[in-house]
Amino acid sequence: MDFCRAAGRGQGMLVVYCAIERGKMVNFVEAQKPLLKRLMRMAGLRPVDVEIEPGTTMHIWVPKHHVSKKTGTIRPLVEHGAGGGEKAGAAKRKKSAESRPNVVLVHGFAAEGIVTWQFNFGVLVSRYNLYIPDLLFFGKSATASADRSPELQARCVAAALARLGVARCDVVGFSYGGMVAFKLAETRPDLVRSLAVSGSVVAMTDAVNSATMTRLGATSSAELLMPETLKGLKQLLSISMYKKMWFPDRFYKDYLKAMFNNRKERMELLQGLITSNMDAKIPTFQQKIMLIWGEEDKIFDIELAKKMKEQLGDGCFLHGIPKAGHLLHVERPCAYNRQLQRFLAYVNSEEKEAAGGGAN
């Protein structure tokens, strides 16, 4: 049995069991979050709210060395050899943390960061400094700005990382988060060292959007990705997963209540994704890019991934995972995690070789 999948089932059953034992009508999806937060804390991560600018705040899970034990305030990383006035112990801790590569996990459209990456962060946290942001209008992240573009999301992620002292990182993006990751790599090549993307495109053009909606039998991305009924949610999950899974209607009702809030703003985010075919250009990326794809992805199929690999050039690699759909990191987390770990190890070894065997 797939250990990651079994662990996921066990976690879900524990939440349900606790809810039944207490005899309360709880939202099972919401009830999962306290457990996830506890697991994140046990793994050494802490939640912080980073103010990007007045009216814009990004909620992000960060390594615990970023949070002062005494004051609870954010403590940014420092460059190697900097901070001569600090105590030796603190300087040593910061240097040790800085010596590990930084990895940013950017979630998709259906759920916030820790829910999206619950089966993946555990294999990375011991080797990397992990950063798991909630994009704007997901989780606790919000903005007063009227801008709904992927560019704004990318700028806010970059600003949050700057506030935390992160100067270089590898970015992992899924679906909507993949589009944000591509935009971040395009606009900030100094920040993004490499990209690992699944179930996404560089840009959602009129043509790609129209072809995708027609193939899926949906009138719009909002109808597909922001369902309001049990039927719509069941259809979305059916399209998103290779293996058909049965859940009671109670689960679907709880999921609708828990995951599809901020509807107006998220509808606007979907509208802000669409790019005119006339304006669409494939950027020249300096980074190494790994496309990790479910071979049975019905939303962005493997043929689209192959075409994208050709367009992105020799620095782009494609790895297909069989018997996996759009939600491959949930359906086959072990296979996904293995490939992601291999890619991150590869980009780290390349940088070490380029530096003559020195540290990152």
Side-chain angles (χ1 to χ4, degrees), residues 62-63 65 77-82 94-106 117 120-133 154 157-158 161-162 164-174 177-202 282-294 302 305-321 328-329 333-360:
V62 303
H65 54 253
L77 294 175
V78 295
E79 297 293 332
H80 292 299
K94 289 183 179 181
K95 184 176 180 180
S96 175
E98 179 110 351
S99 68
R100 295 195 298 180
N102 304 309
V103 174
V104 182
L105 305 179
V106 189
W117 302 109
N120 317 109
F121 78 90
V123 301
L124 302 172
V125 74
S126 63
R127 295 184 179 181
Y128 304 97
N129 285 328
L130 279 191
Y131 300 84
I132 309 178
V157 172
L161 293 174
L164 294 162
V166 176
R168 196 77 167 148
C169 63
D170 303 297
V171 181
V172 181
F174 162 67
M179 298 179 209
V180 174
F182 274 124
K183 187 57 64 176
L184 185 60
E186 176 190 353
T187 57
R188 291 294 307 276
D190 59 311
L191 172 64
V192 180
R193 179 176 64 168
S194 73
L195 278 180
V197 172
S198 60
S200 187
V201 289
V202 176
I282 297 295
T284 300
F285 289 99
Q286 302 176 17
Q287 300 90 346
K288 288 287 191 296
I289 301 173
M290 170 58 73
L291 305 177
I292 309 176
W293 229 259
I302 191 73
K306 291 176 181 177
K307 182 178 179 180
M308 192 160 57
K309 177 188 178 301
E310 292 179 4
Q311 293 174 328
L312 291 173
D314 295 339
C316 180
F317 310 95
L318 171 63
H319 179 83
I321 295 180
L328 71 163
H329 61 289
C334 286
Y336 174 87
N337 291 342
R338 280 195 298 272
Q339 189 56 38
L340 178 58
Q341 287 176 291
R342 286 172 186 154
F343 176 65
L344 292 174
Y346 162 70
V347 293
N348 275 291
S349 64
E350 271 220 331
E351 183 155 311
K352 287 181 179 179
E353 288 177 9
N360 289 354

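A perpendicular orientation is assigned to the rings of Phe174 and Trp117, their planes being inclined by more than 60° (bins at 30° and 60°).
A search for side-chain hydrogen bond (donor to acceptor under 3.5 Å, both in side chains) contacts involving Asn120 returns Asn337, not counting sequence neighbours. Considering only residues two or more places apart in sequence or on other chains, Ser200 meets the side-chain hydrogen bond (donor to acceptor under 3.5 Å, both in side chains) condition with none of them. Phe121 is linked by a ring-ring contact (aromatic ring centres under 6.0 Å, His included) to nothing, counting only residues two or more places apart in sequence or in another chain. Scored by the side-chain hydrogen bond (donor to acceptor under 3.5 Å, both in side chains) test, Gln287 finds no partners at all (sequence neighbours excluded). Considering only residues two or more places apart in sequence or on other chains, Tyr131 meets the side-chain hydrogen bond (donor to acceptor under 3.5 Å, both in side chains) condition with His66. Taking the salt bridge (Lys or Arg N to Asp or Glu O under 4.0 Å) definition, one finds that Lys288 meets it with Glu350, sequence neighbours left out. Looking at residues two or more places apart in sequence or on another chain, you find a salt bridge (Lys or Arg N to Asp or Glu O under 4.0 Å) between Asp190 and Arg188. Remark: Arg127 engages no residue in a side chain to side chain contact (heavy atoms under 4.5 Å, CB included) (not counting sequence neighbours). Residues forming a ring-ring contact (aromatic ring centres under 6.0 Å, His included) with Trp293 (at least two apart in sequence, or on another chain): none. Remark: Arg168 engages Arg193 in a side chain to side chain contact (heavy atoms under 4.5 Å, CB included) (not counting sequence neighbours). Listed by chain and residue number, nothing satisfies the salt bridge (Lys or Arg N to Asp or Glu O under 4.0 Å) test with Lys307 (two or more places apart in sequence, or in another chain). Taking Tyr128 as the reference, nothing meets the ring-ring contact (aromatic ring centres under 6.0 Å, His included) condition, with sequence neighbours excluded.
Listed here is the closest heavy atom pair of Ala305 and Leu291: O-CD1, 3.7 Å. Closest non-hydrogen pair, Met179 versus Val201, comes out as CG-O, 3.3 Å.
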